[in-house]
Protein chains: 2
Amino acid sequence: MFTFDSMEIDLSQAEENYLKAIYSLFVVANKAVSTNKIAEKLNTKASSVTDMVKKLSEKELVNYVKYQGVSLTTEGKNLAVHVIRKHRLWEVFLVRHLGFKWDEVHEVAEQLEHVKSVKLTNGLDAFLDFPKYDPHGDPIPDKEGNFIKRNITILSSLKINEESKIVGVKDSSSAFLKYLDNADIKLGAEIKVIHKENFDNSMMLLIEGQKISISQQISSNLYVKQND
Amino acid sequence: MFTFDSMEIDLSQAEENYLKAIYSLFVVANKAVSTNKIAEKLNTKASSVTDMVKKLSEKELVNYVKYQGVSLTTEGKNLAVHVIRKHRLWEVFLVRHLGFKWDEVHEVAEQLEHVKSVKLTNGLDAFLDFPKYDPHGDPIPDKEGNFIKRNITILSSLKINEESKIVGVKDSSSAFLKYLDNADIKLGAEIKVIHKENFDNSMMLLIEGQKISISQQISSNLYVKQND
DNA sequence: ATAATTTTTTAGACAAGTCTAAAAAATATT
DNA sequence: AATATTTTTTAGACTTGTCTAAAAAATTAT
Ligand SMILES: [Mn+2]
Ligand SMILES: [Mn+2]
Ligand SMILES: [Mn+2]
Ligand SMILES: [Mn+2]
């Protein structure tokens, strides 16, 4: 049976970042992703992407046909998920044990995710007691690469009087996370939709007893789980 | 007053490794170190070292005169010590919290020491309760770069009946550390020299009540602190 | 269906870091 | 002091990952 322990391919940080980018773009698009989209995501140029994608194709980590976009092979996907696992475990560590705020962890996790040591990753996982979610509500793959598939609802799509719980953020930029902190909007908070303003699509909510109005910008970047 | 917080120079991992190598070679030689020695330490070629040393000299991190060896500037030394601080803090973390043995930490620490985040380093330091020594008995610089200067005695230089405590290892290769584990020789152990064999310079010791014989190879790689 | 526009790839260049082989300098030997 | 040996530097090449500018292909508009 497959586990990450068996993975001994030594990729560069650049290669790992490409795999991650391709993975996350594919998840939303659900079809082969363009070199342009990858370039945008990685803050680089499409020509650089073409070069790298050829290299990854040589290594059989991506499927690539000229002019037709890129997708991950099974092996490429496993490697991408493994990097994501490390990224999210480190984020948990930083928040729980080193006093980082959820808007401060990403940059450091981007570095830590490239450290290579199966013992380190699994040791960290155990130390943290096998967390299922990172500080932004994103699921953490276990060492087999399996993770919880969340039943995501976007807050903005809720109807009046529907009740739910905030379980994640779509945008995890520092700016958005800080806004949430200031507005006292936290993961796990119970909310109820009181009113939806037709004019600007803003929403009036009851969050943990508090009445609060949020713009469409905000409500379309919050994931909720509806109460049964 | 100077602290590492003020250091914002962004060095590559290669540059940091060169500074560390030059630092540790200089500490033992106490004079400008040769490109050859640096090459040997870093498992590279002297010609590569010459190139890099020129670059570091441009950045005023080393003093370099052709054919006359290399030494660190104040800034270079500060940066080297900062990397060593991170290396040793991570080693403590790995042993204390992730179940690593002292012979397993070095390789991973070599990667972790290059992660850049003042908040991470100081947070880790605080989480570990500001440890003074790493698992091999090496002193850990604080955030000002200061560390305890140990009064090192090599075990092999002790006379008969002298009593002392094991406080460090000179060789921290995995092979040597595993030997010590098997022989049940630990940092902190109280020892007394019972006998010195003239023939091969082996030593008979009393370690925590146990009688044990060690070769010169071993005794010349153990640091002790003499009891007053 | 042709033309205009956008996307993607190619061609050529560059910086970082490394290597081998040869030249130059320093050191050791006779 | 001259010669041989060792150490160090230079010269030129290679890899990885990136870039700009130009060419080619695909897409959109007319
Ligand atoms: Mn993140
Ligand atoms: Mn996250
Ligand atoms: Mn070490
Ligand atoms: Mn150590």
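A note on names: the letters A, B, ... follow the listed sequences, proteins ahead of strands, and every chain is numbered from 1. In this text the structure is predicted, and so the values were computed from the model without any measurement.
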* Asked: In terms of heavy-atom contacts, does NZ of B/Lys20 have more than 12 from other residues, nucleotides or ligands at under 6.0 Å?
  -> yes
* Asked: Any side-chain heavy atom of B/Ile148 sitting closer than 4.5 Å to one from B/Tyr133?
  -> yes
* Heavy-atom distance under 4.5 Å between the side chains of A/Pro131 and A/Asp125, does that happen here? -> yes
Can I get a per-line list of side-chain donor-acceptor pairs under 3.5 Å for residues 89-108 of chain A, giving both atom names and the distance, sequence neighbours left out?
residue, atom, partner, partner atom, Å
A/Glu91, OE1, A/His136, ND1, 3.1
A/Glu91, OE2, A/His87, NE2, 2.8
A/Arg96, NH1, A/Leu128, O, 2.8
A/Trp102, NE1, A/Asp181, OD1, 3.2
A/Trp102, NE1, A/Asp181, OD2, 3.3
A/Asp103, OD2, A/Ser174, OG, 3.4
A/Glu104, OE1, A/Lys101, N, 2.7
A/His106, ND1, A/His87, NE2, 3.2
A/His106, NE2, A/Glu110, OE2, 3.2

* Structure fact -> For residues 32-72 of chain B, the ring-ring contact (aromatic ring centres under 6.0 Å, His included) pairs (sequence neighbours left out) are none
* Please list residues of residues 35-49 of chain B whose heavy atoms come under 4.0 Å from any atom in DNA chain D, ordered by number; otherwise none. => B/Thr35, B/Asn36, B/Ala46, B/Ser47
Between the protein and nucleotides 13-15 of chain C, list every N/O to N/O distance that falls short of 3.5 Å.
none

* To do: Please state whether the phosphate of C/dT7, meaning OP1 or OP2, lies under 4.0 angstrom from any side-chain nitrogen or oxygen of A/Ser34.
  => no
* Got a sec? Which of residues 57-72 of chain B come in under 4.0 Å of DNA chain C, heavy atoms? -> B/Tyr67
* Within-4.5 Å side-chain heavy-atom neighbours: A/Glu197 and A/Met203 -> no
* Provide the closest heavy-atom pair for A/Val169 versus A/Leu222 in the form atom of the first, atom of the second, distance. => CG1-CD2, 4.0 Å
* To do: With the side chain counted from C-beta on, respond yes when A/Leu155 and A/Ile218 share a heavy-atom pair under 4.5 Å apart, and no when they do not.
  => no
* To do: For the pair B/Glu75 and B/Lys59, evaluate salt bridge (Lys or Arg N to Asp or Glu O under 4.0 Å) and give the outcome as yes or no after the intermediate values.
  => CA-CA 10 Å; B/Glu75 194 179 3; B/Lys59 297 188 180 185; over 6 Å; no
* Output the residues of residues 21-30 of chain B in contact with DNA chain C, where contact means a heavy atom of the residue under 4.0 Å from an atom of the strand; sort by number or write none. => none
* Asked: Donor-acceptor pair, A/Thr35 side chain versus A/Ala46 backbone, under 3.5 Å?
  -> no
* To do: For the side chain of B/Met52, starting at C-beta, report the closest nucleotide among D/dT10, C/dT18, D/dT18.
  => C/dT18
* A/Arg88 side chain to A/Asp138 main-chain N or O, any donor-acceptor pair under 3.5 Å? -> no
* Taking everything shown except A/Asp200 itself, do over 12 heavy atoms lie less than 6.0 Å from its CG? -> yes
* Do side-chain atoms of A/Lys170 reach the backbone of A/Asn221 as a donor and acceptor pair under 3.5 angstrom? -> no
